[in-house]
There are 2 protein chains.
Amino acid sequence: MPTISDVARKAGLSVSTVSRVINKKPHVSQQKETLVKAAMKELGYKPMPAARQLRGTKAKNLAVTVPRITNPFFADLINVIERTLDSKGYTIILIQTFGRKDKELDALKLLTNQTIDGVILCSIENDAPVIQEYSKYGSIVLVNEYLGELDLPTIRANQYQGFKEATGFLIQRGYKNIAYATGHKNIIVTKKEGTNLNSNRFSGFQAALREAKMSFDPKMLFTHVQTRDAGLKLFNKLFKENKMPDAIISGSDEVAVGIMEGAKEVGVEVPKRLGVLGIDDQSLSRDLFIPLTTVRQPVEEMGAAAAKAMLQHLEDKDVVENKVFNLDLVVRESV
Amino acid sequence: MPTISDVARKAGLSVSTVSRVINKKPHVSQQKETLVKAAMKELGYKPMPAARQLRGTKAKNLAVTVPRITNPFFADLINVIERTLDSKGYTIILIQTFGRKDKELDALKLLTNQTIDGVILCSIENDAPVIQEYSKYGSIVLVNEYLGELDLPTIRANQYQGFKEATGFLIQRGYKNIAYATGHKNIIVTKKEGTNLNSNRFSGFQAALREAKMSFDPKMLFTHVQTRDAGLKLFNKLFKENKMPDAIISGSDEVAVGIMEGAKEVGVEVPKRLGVLGIDDQSLSRDLFIPLTTVRQPVEEMGAAAAKAMLQHLEDKDVVENKVFNLDLVVRESV
DNA sequence: CTTTTATTTTGAATCGTTTTCAAGAAAATA
DNA sequence: TATTTTCTTGAAAACGATTCAAAATAAAAG
């Protein structure tokens, strides 16, 4: 592959001049400019990113972390993000965390050696201080998940509102004993608004119960449920132990499918004997054997906003976008 | 961020010695080695990839191209690929081509300036010669799609066999007028085995018809159908023009869903009045309102094989793995 | 025409590594 | 002990770009 010196030689000029035309810097005559451009074209010259980076040029690489890409919600998110950032000349590096702190750290660490200019975190595995620490090495934006303590550009949905409304709807439909399943490891409930996705969802849920003067049996809280299979297992456990609630709020559409599948197998009617609420509104959710009632997350919008926030923050560290989208309930037939 | 010289200074040694311990080269005493390691730990030193690359070290980056990641088939593929390559210390760069030649070229071009060591192509947009050309700059492996003329490591499924069997099954079920929809732009039918996914599928389809002494109406061939929406549109067109076949082989599960959705809306019974065959066997396909009969692609296996083929080829350019998996029909209720 | 000023062009230093080469120290051989 | 061989170490030259300061050239002013 040709180097900048090859170009210079062919053009009969110095490397500095060539560099200047590459970078569109002033102080180069029309004449020489065309000379250089011709030489570059002829040799098929492309500057080597590694060499430029060494001199301090931005890498134009960004990392995106997701728990796992096979969850269509995250695939959709990545899709928009990749599209809009690619159009601005950025290359994106995909990192699946599988919920592991170390994987997320790997991504963050890429900031320190200038491999990437920024990271978009679609989930959060590490604690606030450690993430914040890395923000001095590059731009970090949060999308979907969020942490109140983090002073970073954040694009999120109003989980509190969404879950309050959805739960209210369940109550209105007459469900009395509502179970709550989530993919997260634990739920830290805080009074403060905007703390994190997880607790905001749960407190929205509780707020609705409270308003209806209903109480929640802590035994009906299930964590670590994040796949179709886990949903199926949860249903079977409930069924076997004879502790069936009359509705379940599941942490994702995938989980909801697992639950409905379990119900079908043993003949528990949905939504009559068991209401099942999904979260996400994946594209196939409306085509399921029981079209899913679910809380729609505005993925496209959130992804686009996240990409934009990243671009802005790369441009100017002082603008920390903070956007929150409303969630809406898509009523179909599972509730 | 600390540099190698900082480490050297702190350890009271030269950069060369530090470099030697970083790269586990011989000729450094136990004593100094521990000294260096201590200094590295204390400073939290990490070698800068850009600088190493400049000196010719491999980047340990790989690109993966897919038409679009929102298709679960490709998401699954990427998932396995990322997992296995990540475990070997490779970082993966995601590139969505959306069927565009230039996007694929962008990926290939990353090879020339050593940004990446190799590319895994999950689809093929450019012509064989242009792709082959880039193989001199790094490793290229094909997975899923393939091109007979390309002399590259290739992991694929036996589309001919799969489609012949699936079509045979349709015929056996009594379907007589079978339409064929594909996401591809055109179908070049060649007699030669192993030419490309597209034509192999189609010739498998035709072989089955031939054996049954049935003929195919070229008007029943539809290209450019690759989304749920396109499937729906296709159905509506067929319905409106009163040209409804009695079965449709669709290029993907997504398309099949669109078709079945259209059928449901106007009351065309599936599978009684219209058989619908999907391809892929996405995870939700069994949970649809009509569980889909589909040709299962062994995604996990193919992805893993592709990653392995890449690793081997990076190691030794002479080993060009060429693996073909069998496809099997998953019979559910749409046919 | 000089002299001054502004513009274009170049040479050389630099970024953080790896690697070659030579020098010095230690070990092995005679 | 003198000599050769083997190990350790460090100084300096790359790698391919950018950039600063200085030199060369052109334009403007006197």
Side-chain angles (χ1 to χ4, degrees), chain A residues 1-40 43-61 89 109-117 137-138, chain B residues 1-40 43-61 109-117 137:
Chain A
M1 285 284 90
T3 78
I4 196 174
S5 333
D6 296 329
V7 176
R9 202 168 311 123
K10 165 138 286 175
L13 291 165
S14 73
V15 292
S16 352
T17 330
V18 177
S19 175
R20 241 176 281 113
V21 354
I22 293 171
N23 299 290
K24 304 192 186 30
K25 292 261 167 97
H27 305 312
V28 36
S29 63
Q30 260 311 323
Q31 188 204 155
K32 315 283 174 179
E33 183 177 335
T34 51
L35 225 50
V36 169
K37 281 186 173 162
M40 293 204 296
L43 296 176
Y45 169 77
K46 279 260 161 206
M48 185 188 188
R52 314 184 85 175
Q53 262 176 257
L54 190 55
R55 284 292 313 190
T57 317
K58 292 266 144 274
K60 283 253 178 183
N61 293 144
K109 279 186 188 147
L110 294 175
L111 289 170
T112 65
N113 50 32
Q114 305 171 55
T115 303
I116 57 175
D117 307 330
Y137 300 115
Chain B
M1 282 286 91
T3 76
I4 195 173
S5 331
D6 297 327
V7 176
R9 201 168 313 121
K10 166 138 286 177
L13 292 165
S14 71
V15 293
S16 349
T17 326
V18 176
S19 174
R20 250 180 256 119
V21 353
I22 293 172
N23 299 291
K24 303 193 188 28
K25 292 262 167 96
H27 304 312
V28 35
S29 62
Q30 259 311 323
Q31 188 204 155
K32 316 282 173 180
E33 183 177 335
T34 50
L35 225 50
V36 169
K37 281 186 174 162
M40 295 205 294
L43 296 176
Y45 169 78
K46 279 262 163 204
M48 184 186 190
R52 315 184 85 173
Q53 261 176 259
L54 189 55
R55 284 293 315 196
T57 317
K58 293 265 144 274
K60 282 253 178 181
N61 292 145
K109 278 184 188 148
L110 294 176
L111 289 170
T112 66
N113 51 30
Q114 305 170 56
T115 302
I116 58 176
D117 307 329
Y137 299 115

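Keep in mind the model is a prediction, meaning the values are calculated, not measured. In what follows, every chain begins at residue 1, and chains take the letters A, B, ... in the order their sequences are listed.
With a 4.5 Å cut-off on side-chain heavy atoms, A/Val21 and A/Lys32 do not count as touching.
To the nearest 0.5 Å, atoms CG (A/Leu43) and OG1 (A/Thr3) are separated by 9.0 Å. Between the CG atom of A/Leu35 and the NZ atom of A/Lys10 there is a distance of 11.5 Å, given to the nearest 0.5 Å. To the nearest 0.5 Å, the span separating NZ on B/Lys37 from OG1 on B/Thr34 amounts to 8.5 Å.
Under the 3.5 Å distance criterion, with hydrogens and angles disregarded, a donor-acceptor pair is assigned to the side chains of B/Ser14 and B/Thr17.
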Acceptor/donor pairs from residues 45-58 of chain B side chains to any protein atom, 3.5 angstrom cut, sequence neighbours excluded:
{"residue": "B/Arg52", "atom": "NH2", "partner": "B/Asn23", "partner atom": "OD1", "Å": "2.9"}
{"residue": "B/Gln53", "atom": "NE2", "partner": "B/Gln114", "partner atom": "O", "Å": "2.9"}
{"residue": "B/Thr57", "atom": "OG1", "partner": "B/Arg52", "partner atom": "O", "Å": "3.0"}

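Partners of B/Leu110 according to the side chain to side chain contact (heavy atoms under 4.5 Å, CB included) rule, which considers only residues two or more places apart in sequence or in another chain, are B/Ile95, B/Thr115, B/Ile116. Partners of A/Lys109 by side chain to side chain contact (heavy atoms under 4.5 Å, CB included), not counting sequence neighbours, listed by chain and number: A/Tyr134.
At C/dG16, none of the side-chain N or O atoms of B/Thr3 fall inside 4.0 Å of OP1 or OP2 (strictly under the cut-off).
Chain B approaches DNA chain D within less than 4.0 angstrom (heavy atoms of the protein), and the contacting nucleotides run 5' to 3' from D/dC7 to D/dG16.
Between B/Thr17 and A/Ser16, the residue anchored closer to the 5' end of DNA chain D is B/Thr17, taking for each the nucleotide with the nearest heavy atom.
Atom-to-atom, CE of B/Met40 to P of C/dT17 comes out at 11 Å; the value is rounded to the nearest Å. Atom C1' of nucleotide C/dT17 and atom CD of B/Gln114 are separated by 14 Å, given to the nearest angstrom. A/Met48 has its CE atom 19 Å from the P atom of C/dC15, to the nearest Å.
The minimum heavy-atom distance between B/Ala11 and B/Val36, with the atom names listed, is CB-CA, 4.3 Å. The heavy-atom pair separating A/Met1 from A/Asp6 by the smallest distance is O-OD2, 4.4 Å. Between B/Val18 and B/Ala8, the closest heavy-atom pair is CG2-CA, 3.7 Å.
The stretch residues 19-28 of chain A comes close to DNA chain C through A/Arg20, A/His27, A/Val28, each having a heavy atom under 4.0 Å from the strand. For DNA chain C, the residues of residues 51-61 of chain B within the heavy-atom distance limit of 4.0 Å (strictly under) are B/Ala51, B/Arg52, B/Leu54, B/Arg55, sorted by number.
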